[in-house]
Amino acid sequence: MPMEKTFNAAEAEPRITAMWEEKNAFAAGANKSRDDSFCVMIPPPNVTGALHMGHAFNNTLQDILTRWHRMRGFDTLWQPGTDHAGIATQMVTEREMAAKGEPSRREMGREAFLERVWQQKIKSRGTIIGQLKRLGASCDWSREAFTMSGAPNAPEGEEGNFHDAVIKVFVDLYNKGLIYRGKRLVNWDPHFETAISDLEVENIEMPGHMWHFKYPLAGGETYDYVEKDAEGNVTLRETRDYISIATTRPETMLGDGAVAVHPSDERYAPIVGKLCEIPVGPKEHRRLIPIITDEYPDPSFGSGAVKITGAHDFNDYAVAKRGNIPCYRLMDTQGNLRTDGAPYAESAMIAQEVARGERTLTEAEIDALNLVPDDLRGLHRFKRPEDNKPQARERVVEQITAEGLAVMIPAPPTTPRPGLDPGPLAEPGAAASDEVPGQARDGVAMVPYVEAKPIMQPFGDRSKVVIEPMLTDQWFVDTAKIVEPALEAVRNGTTKIIPESGEKVYFHWLENIEPWCISRQLWWGHQIPVWYATAPEDFDAYREKLEWVRNQGSAYDGKEPERFAGLKVVRHEVCASTESEALKKLARKLPAGTKLKLAYNNLVSRENDELGGFGIENTGAWVVFVSRDPDVLDTWFSSGLWPLGTLGWPEQTPELQRYFPTSVLVTGQDILFFWVARMMMMQLAVVDQVPFHTVYLHGLVRDAKGKKMSKSLGNVIDPLEIIDEYGADALRFTNAAMASLGGVLKLDTARIAGYRNFTTKLWNACRFAEMNGVWEGHSTQSAPPDATATANRWIIGETVRTLHEVDAALAEYRFDQAADTLYKFVWGKVCDWYVEFAKPLFDGDSAAETRATMGWVLDHCMILLHPIMPFITEELWETTGKRVAPLTLTDWPNLPETLIDAPSMREMTWVTGLIDAIRSARAQMHVPAGLKVTLLRIGLDDTARAACDRNAGLIARLARIETVTDAETVPKGALTIAAEGGTFAIPLEGLIDIAEEKARLEKTLAKLEKDLAGLRARLSNPKFVASAKEEVVEETRGKLAQGEEEAATLSAALARLAELL
RNA sequence: GGGUGAUUAGCUCAGUGGUAGAGCGCUUCGUUCACAUCGAAGAUGUCAGCGGUUCAAAUCCGUUAUCACCCA
C-alpha cells in the first residue's frame, strides 16, 4: 500500500508505544553490546500530579540521552517512578474527601486516613505515567519505583524497599549524631499545621503597614533625645519618656523580650540597659523589657529601635539568642493567639521576674508561659477576609492608640476627617460667621503615624497562607557536618554541574548552609523512627512513694506535688528501624523486668510524646508506656535517597553494582537546593559515593513572551494538547531545539508547528523514495554503497559529517545543536538538493547506485533523528524495508571520516553555488520561471569545466537550462554570472532590462568591494600579518584573491553594458 | 540589600577573538508528477550605551542602564 501524504501521529503513536512495550525494548540493558553503563534517574513527579510543559521538556532531554546511549550499545537504564509528595498529596486527598463528603482526616483518624491516601495514590499514579509514555519516554517501566514503597501500612502491590532505605538512613545519621531534635524557630504553615522548609516559602511583596508606637520608660524616667544631621548639627532635641519603635506586626508585641538599638546609636545611649514597658495589655500588669544593643538594628531605618520577638521572627530570634533574651510563643498551630496555660496576670508576673533577672526558666517553662492578655486569647493573629471582627493585630493597634501611645504626626491634608477638617469653603462674599460652628479651620490635626508601604511577606507555596515563624520542637539534619564532601565532589570535578553557573550557585548555597528541618507535622509520609518513654530517674525512690500512695487507697489528699517533689523523671529516646528493636533498646535503659507497653495509638498526635507514663502493676512489676514520634519526614529527605533507593539499596543488588553512581541527572535549576544538593550530601554521607557524575540544569519553560505559565494568566500550554495537535515528535524536537545551555525556554506554538512541518518533510522524502523504487528489496546496511556519482559520494560524506556533529553535540549536552544539525541536513541537504539531484540520476546509468545511496541516506536520517523523534522514525523504519529489529533497538552508526570524499564535497559545493547564482540572477531579472535558457561558459579553468561537465544534467534541471555552450566572450545583452574558475552568461537580448541588470551588477559589486576593502586593509597591516595565525592570514588572502576575480568579472560585464546604453 | 543570568533581524533565539546566522513572520514569484504542513528569490541589524585590552571584539575586561530569576 503506498504511503499516505502525511504521517498520522495520532494513529501511529499508541500503536508504536504498544509495540515497544511488547518487545520489552526499554528494559535495563536492552541492546547492550558493551560493558559501560548509562543510567538516568527520572526526577520523580508527584504521584498525584499531571504532566506539564516542564515535565515534557525535562523528560524529552532524558529520553534523547537514554535512546542515544541505548542505540550505542551502552548498558542503559532510565529509572522511572513517582514521589509521595507529602504535603501536596495529603492536600489533594483531603480536597477530594471534602468534595465527596467523606469524613475529615481528623474524624477518621490517622490509620484510616493513610489507607485513604494510599487509595488516592493508586488511583492517580497511572495518570502521569501514562502521560510520560505518550511523550515517548523510554523508561524501564517494569522498575517503576515509589518513594513510600514498602512502608508498614502500604497495601498489596506497593511492596518494595524504599521505606527501608529511608529509615536506615535516618537511623544511621541519628547514630552518627548528624540528626537531632531541638526547639528552633521554623517556618510554620498555619493552614497545614506543619513546619515547612525555607525552600517551600515564597516571599512576596504585599501592600502592608508600618505602625509607630511609644514604649514608655519604666518608672517615668526621661532622657534627652537628640537628632543630628550628617554634619553633626543638632536638628532635634527634646525630652522623652519613651522609646519609639516601628513594626509591621503589632500583634507580636505581646511576646517581646527586649528592645534593641545599634551600639553606635548615640540617640539611645543614655537609656541602654534600662527597662521599658510594652504598651499593651492590662495596665496593672504591664511587662517591662530591657533596652539592649545589637548589631542587627539599622540606625537609619525607622526610629532605629527594634522590638525583639524571638519566637516569631527570624532576625529577632538571632538577636534573642545572642542576648539571651527569652522567646515567648504567642500562637497555636493555627495562628490563633494561645488560650492555654495560666491566666495573663500570673504569666506576666513570671516574665517580669525573668526580665529583672530575678529568675531563670528552662526552655520548656518559657514555652509554657502564655503572655497573651486574657481579652485577646483565641483571636487570630490578624483579620482575614473570612473574619468579620477585628482580630489580634487590629485590637492591639486600637488599644495602643486609645491610650495615646501611638506616635502622632500632623494629618496629611488630603485625608478628610469629619469633625476635625475645615468645612466647605464659604460662598464668595459670605461673612466669616457663616462658617459651620465646631469646625477647626486652622488647627493642626494629629493622627497616628502609620506608613502604608510594601512589605515582603512569607507565604506557604502550597497553602498560600502567611507563614508564621514559630518556636517548635523539630528534627534537624546537621547539614554543616555533611556538606563538605558534597562541596568537594563538585570542586574536584567528580560531579560536574552544567551550565557552569549552576556550580557557583551550588557553592554559594552550600557554603552558607542552614540546618535542615526534616520533620513535618503531617500524617502522609515516612514516620520518624524514634520512640519515647518517660520513666523515673531513680526507680527505687519512686517505688517507695508509689507504694505508699497505693497503701493509702484511692484517696488523694491534694499533697501529691509535695510528696513527689525532688523525684525526677527522665524521658528516654531511642531510634531504631523497627518497633520491636526500639522496645529492646528501651528495655536496656530500664531496670530488668520492666514491662514496656505501647501506650496508645501511636499515630495520633504530637502531644503524645509529652504525656508518657509509668506505674507499678499489682504484681509489683514496673510498666513504662512507650510512644512513637508522630511526625513524618520531609518528602525531600526520602527523594534525597532516590538514586540509591530505586536501585534496591540497602540491599546490594546487581543493579546497584551496575548503575551506581548514575550518569546524568537532568532537572530544573529551581530544585538545585531542594533536591540536587541534598542528594549529593545524602549519598555521600551514606555510601561515600556521589549519586551522579553530571547534573544538567535547565530553566523554567515559559510562554512565547517569556512569562511564567500560570493558570491565572491563562497562558498555560498543555503538552498533551500539543501532542494531540502536532504529534509528540514535533513537541520533542521543539524541546531539543530550545535546550541551549543556560538559555531561557520560551515556547511558541508557531515553532512547534514549524517542526511538525519538518516531520512531514522527512516523511515525504521517504515517500518520494518509495515512488522511485528505493525501498524495493531494501534492507538495513551499515556501510554506505560504493558510489561513483559525485552527488552520491557527496551526500554520503554529508551524512558522515552530520553523524559526527550530532555525536559531538550530544556528548556536550547541546541538544539544540544536535537538533539544528539534523534539521539542516535533512531539509537543507537531503530534501533541497539530494532528492532533486536524484531525479535525473534515476533516469541514467547510476540509477541502481543512486537507489542504494538514497536508501542508505534515508535510513541514517531515521537513525540519527530517532532519539529526538522516536515515533515517526520508527514508523518509517517499519514501513520502508526489511528490518531485523525495531529502530529503537538498532545500532547507532559508526562511520569513519574516510568516507568523506573531499573532491566530491568541493565539487558539489561548486555546483550548488552555481545553481544558486543562476537562479538568483534569473529571479532578479524577472526571467520567467518556466523559460529554459542557454548557458554560455567563458574562460573556464579545467576544474570548473570538469565539474560542469560531470554535473551538466543536474545543473540543467535545477537552473532550468536548455543547452550549455562554450563561448569566447559574454555577448551583449546577456546576464553575467561570476563563478569560481570562470564566467557564465545567459544571452537574453531583448528580454531583459539593461538598466536593471546594470543596477543588479553594481549592487553586487559594491557589496563585494566593501568586503574587499576590509580584506585589503587587514592584509596591508603588517601587525596583522605578523601576529595573526598563519591559517587566518592564508584564508584572508584566499578570500581576497577569489573576491578580486569575481569583481573583475563583474566590472567587465558592467563595461559591456555601458556600450549598450 | 546579596547572588546568578540576560540584552543580537519585526518575533523567538543560535553564535567564547577573524568582520553576524537560523526558524517563524514579511515582500515578490510559482500548484513541472515527494511535500502548499511546499518550492524559488528578496528585504531587514550602530550585536543595549560608554570606556578599555588586542593586529582584530557580538565574543575578553571595566562601567552604566534595563529586564528576569534565586536568596535575604
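Just so we're on the same page: letters track the sequence lines, and every chain starts at 1. Excluded from the calculations below are hydrogen atoms, water molecules and symmetry mates; all remaining heavy atoms, backbone and side chain alike, are included.
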Span that lies between the C1' atom of B/rA43 and that of B/rC26, in whole angstrom: 9 Å
Can you figure out which of B/rA34, B/rG42, B/rC55 approaches the side chain of A/Lys1003 most closely? B/rG42
Aromatic ring proximity A/Tyr755/A/Tyr823, centre distance under 6.0 Å: yes
Treating A/Glu770 as the side-chain partner and A/Met3 as the backbone partner, does any N or O pair qualify as donor plus acceptor under 3.5 Å? yes
Quiz question: going by heavy-atom distance under 3.5 Å, is there a donor-acceptor pair between the base of B/rC35 and the side chain of A/Lys761? yes
Within the structure shown, what part of the strands sits under 4.0 Å from A/Asp916 by heavy-atom distance: base, sugar-phosphate, or nothing? sugar-phosphate
Which part of the nucleic acid, if any, lies within reach of A/Arg922 when heavy atoms closer than 4.0 Å are counted: base, sugar-phosphate only, or nothing? nothing
Where the side chain of A/Ala1028 is defined as all heavy atoms beyond and including C-beta, which of B/rG5, B/rA34, B/rC55 is the nearest nucleotide? B/rC55
Distance below 4.0 Å between A/Lys1010 side-chain N/O and B/rU19 OP1 or OP2: no
Proximity to the side chain of A/Ser920 - top-ranked nucleotide from B/rG23, B/rC35, B/rG42: B/rG42
Looking only at heavy atoms, the pair that brings A/Leu1040 and A/Leu1019 closest together is CD2-CD1, 3.7 Å
Select from A/Lys504 and A/Gly1014 the residue whose nearest nucleotide in RNA chain B is closer to the 5' end of that strand. A/Lys504
Nearest-nucleotide pick for A/Glu836, side chain only, options being B/rC55, B/rC24, B/rC35: B/rC35
Taking the minimum atom-to-atom distance to the side chain of A/Ala765, which one of B/rC55, B/rG23, B/rA34 wins? B/rA34
If I pick the C1' atom on B/rC47 and the same atom on B/rA9, what distance separates them, to the nearest angstrom? 10 Å
Say you pick atom C1' in B/rG5 and the same atom in B/rC35; how far apart are they, in whole Å? 42 Å
If you check every side-chain atom of A/Trp827, which of B/rA34, B/rC38, B/rG18 has the closest atom? B/rC38
For a quick test of reading the model: is some side-chain N or O of A/Lys839 closer than 4.0 Å to OP1 or OP2 of B/rU32? no
Treating A/Thr879 as the side-chain partner and A/Glu875 as the backbone partner, does any N or O pair qualify as donor plus acceptor under 3.5 Å? yes
Expected list for residues 831-838 of chain A: side-chain donor-acceptor pairs under 3.5 angstrom, two or more places apart:
{"unit_1": "A/Tyr834", "atom_1": "OH", "unit_2": "A/Asn792", "atom_2": "OD1", "d": "2.5"}
{"unit_1": "A/Glu836", "atom_1": "OE1", "unit_2": "A/Lys839", "atom_2": "NZ", "d": "3.3"}
{"unit_1": "A/Glu836", "atom_1": "OE2", "unit_2": "A/Lys839", "atom_2": "NZ", "d": "3.2"}

Nearest-Å distance once atom C1' is located in both B/rU27 and B/rA14: 25 Å
Run through A/Ile497, A/Val695, A/Leu672, A/Leu697 and flag the one making a side chain to side chain contact (heavy atoms under 4.5 Å, CB included) with A/Glu503. A/Ile497
B/rA36, B/rU4, B/rA41: which one has an atom nearest the side-chain heavy atoms of A/Val505? B/rU4
Considering just the side-chain nitrogens and oxygens of A/Arg814, establish if one lies under 4.0 Å of OP1 or OP2 belonging to B/rG15. yes
Among A/Ile868, A/Asn735, A/Leu61, which residue satisfies the side chain to side chain contact (heavy atoms under 4.5 Å, CB included) criterion with A/Phe815? A/Leu61
Does the base of B/rU12 carry an N or O that pairs as donor and acceptor with the side chain of A/Arg751 under 3.5 Å? no
Is there a donor-acceptor pair under 3.5 Å between the side chain of A/Asn772 and the backbone N or O of A/Val774? no
Checking salt bridge (charged side-chain N to carboxylate O under 4.0 Å, His left out) for the pair A/Arg801/A/Glu805: CA distance, chi angles, key distance, verdict? CA-CA 6 Å; A/Arg801 241 182 219 171; A/Glu805 282 175 32; 5.8 Å; no
Which is true for A/Cys831 with a 4.0 Å heavy-atom rule: it touches a base, it touches only sugar-phosphate, or it touches nothing? base
If the P atom of B/rC29 is compared with that of B/rA68, how far apart are they to the nearest Å? 44 Å
Nearest-Å distance for atom pair CZ/P, residues A/Phe1024 and B/rC55: 12 Å
Go through B/rA40, B/rA22, B/rC35 for me and flag the one nearest to the A/Asp820 side chain. B/rA22
Starting at the 5' end of RNA chain B, write a dot or bracket for each base, bracketing those in Watson-Crick or G-U wobble pairs whose two distances are under 3.5 Å and using | for partners on another strand. ((((((((.[[[[.)..(..]]]].(((((.......))))).....[[[[[..)....]]]]]))))))).
Rounded C1' spacing from B/rC55 to B/rG17 in Å: 12 Å
Nearest-angstrom distance, P atom, B/rA65 to B/rG49: 16 Å
If we take the P atom in both B/rG23 and B/rC38, what is their distance in whole Å? 12 Å
Starting at CZ of A/Phe7 and ending at C1' of B/rC38, how long is that distance when rounded to a whole Å? 20 Å
Would you classify A/Arg756 as touching base, sugar-phosphate or nothing, given that sugar-phosphate means primed atoms plus P, OP1 and OP2, and contacts are heavy atoms under 4.0 Å? base
Any A/Asn757 side-chain nitrogen or oxygen under 4.0 Å from OP1 or OP2 of B/rC38: yes
